[in-house]
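Throughout, protein chains are lettered first and strands after them, A, B, ... in sequence-line order, and every chain is numbered starting at 1.
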Protein chains: 2
Amino acid sequence: MRIGELAARAGTTTRTLRYYESRGLLPARRGENGYRTYDEDDLRLLRQIRTLQDFGFDLEETRPFVECLRAGHPEGDSCPASLVVYRRKLAELDTLIEQLTSVRAQVGAQLARAEAAVPGGPEPKCELGGHG
Amino acid sequence: MRIGELAARAGTTTRTLRYYESRGLLPARRGENGYRTYDEDDLRLLRQIRTLQDFGFDLEETRPFVECLRAGHPEGDSCPASLVVYRRKLAELDTLIEQLTSVRAQVGAQLARAEAAVPGGPEPKCELGGHG
DNA sequence: TCTTGCCTTGACGCCCGCGTCAAGGCTTAC
DNA sequence: GTAAGCCTTGACGCGGGCGTCAAGGCAAGA
């Protein structure tokens, strides 16, 4: 299979595949005409990468999973190095979610305070004259 | 006050202030020698910008707050345009937190599944021989 | 043979909020 | 006078994951 077909089957682009290859993540064999050649295993690796990318993993973070698959393991996370990445990611996510939740609370409080100070804020269609 | 002092008092850098000016966010008067000149009001504007930046607001999103202060209002969020930004930000935060929470759950599930499949994963120092 | 459509490499663009360096001018203290 | 330390503008770099164009090679059908 050539690069265009692989890209289509994985729902990505040829540019992306060349980029992965440039990063050493998904090297390709070459046909006699110089075209990149891929097989079903490459598709599996690519899908592993894409899944993790969709989760917000950096490209580098997908490397252990790819290497794990390439080493013949049944899943990309069948290797300790992948689990390390999982755990680090979980910690990052927890920290991030905590921070965002804190920010959300602060922004929400600011909004509530500001709305209370502005006439017509919470219920803009009532008491237009503001005589009450 | 000149740019260095303002930067120091706001806990930022001169480069940042020039950048804000280039974006039209924090224009400066000029002394006869060409030096930028700021006053205490500029410091207030700058602190408003920095606070929102710390909350993860884009620079453009701070503009209504800055203009509100510059218009003479007591707070940057004393204007409707600022409240719009607040509400939009809250919605963005909610969406993002939701997505991250979902990802966290999926990654956590993947980790649990992978750990269950790998001997020595959850408790690496026990049963080295794995005879149990 | 010509066209169409795939493929190749190379290289610049984008986003965003600055960091950092360059080359020079002004000010101030000694 | 001169050195230090502030200021000026201009311009390139960075990180990440590609998009997009350029210029050309190769393959297959009419």
Salt-bridge present ([X], [Y]; N to O < 4.0 Å):
{"X": "B:E21", "Y": "B:R18", "value": "no"}
{"X": "A:R44", "Y": "A:E75", "value": "no"}
{"X": "B:R113", "Y": "A:D77", "value": "yes"}

Just by modelled atom types, is the [Y] backbone N or O under 3.5 Å from a matching donor or acceptor in the [X] side chain?
{"X": "A:D58", "Y": "A:E61", "result": "no"}
{"X": "B:E67", "Y": "B:P64", "result": "no"}
{"X": "A:S102", "Y": "A:E98", "result": "no"}
{"X": "B:T16", "Y": "B:T12", "result": "no"}
{"X": "B:H73", "Y": "B:C68", "result": "yes"}
{"X": "B:S82", "Y": "B:G76", "result": "yes"}
{"X": "A:N33", "Y": "A:Y35", "result": "yes"}

*Could you tell me from which nucleotide to which nucleotide of DNA chain D, 5' to 3', there is an atom under 4.0 Å from chain A heavy atoms?*
D:dG17 to D:dA27

*Kindly compute the distance separating CZ (A:R2) from CZ (A:R36), expressed to the nearest 0.5 Å.*
12.5 Å

*Give me the bend of the helix from C:dT1-D:dA30 to C:dC30-D:dG1, using the axes of the five pairs at each end, rounded to 10°.*
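Computed from the C1' atoms at both ends, the axes differ by 30°.
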
*Provide, to the nearest angstrom, the distance between the CD atom belonging to B:E60 and the C1' atom belonging to C:dC16.*
11 Å

*Write down the atom of A:P27, the atom of A:R70, and the distance for their closest heavy-atom approach.*
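Taking A:P27 first and A:R70 second, the nearest heavy atoms are CD-NH2, 3.6 Å.
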
*Minimum-distance pair of heavy atoms, taken over all atoms of A:R47 and A:R9*: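 Closest heavy-atom pair between A:R47 and A:R9: NH2-O, 3.1 Å.
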
_Centroid-centroid distance, A:Y86 to A:F55, less than 6.0 Å_ = no

Among [range], which contact DNA chain D at a heavy-atom distance under 4.0 Å?
{"range": "residues 4-12 of chain A", "value": "none"}
{"range": "residues 25-37 of chain A", "value": "A:N33, A:Y35"}
{"range": "residues 44-59 of chain B", "value": "none"}

*How do A:R18 and B:L17 order along DNA chain C: which one's closest nucleotide is nearer the 5' end?*
A:R18

*asked:* OP1 or OP2 of C:dG17 versus the side-chain N and O atoms of B:Y20: is any pair under 4.0 Å?
replied: no

_Other members of the hydrophobic cluster containing B:Y38, with the 4.5 Å side-chain heavy-atom rule, please._
B:M1, B:I3, B:L6, B:L17, B:Y19, B:Y20, B:L25, B:L26, B:L43, B:L45, B:L46, B:I49, B:L59, B:V66, B:L69

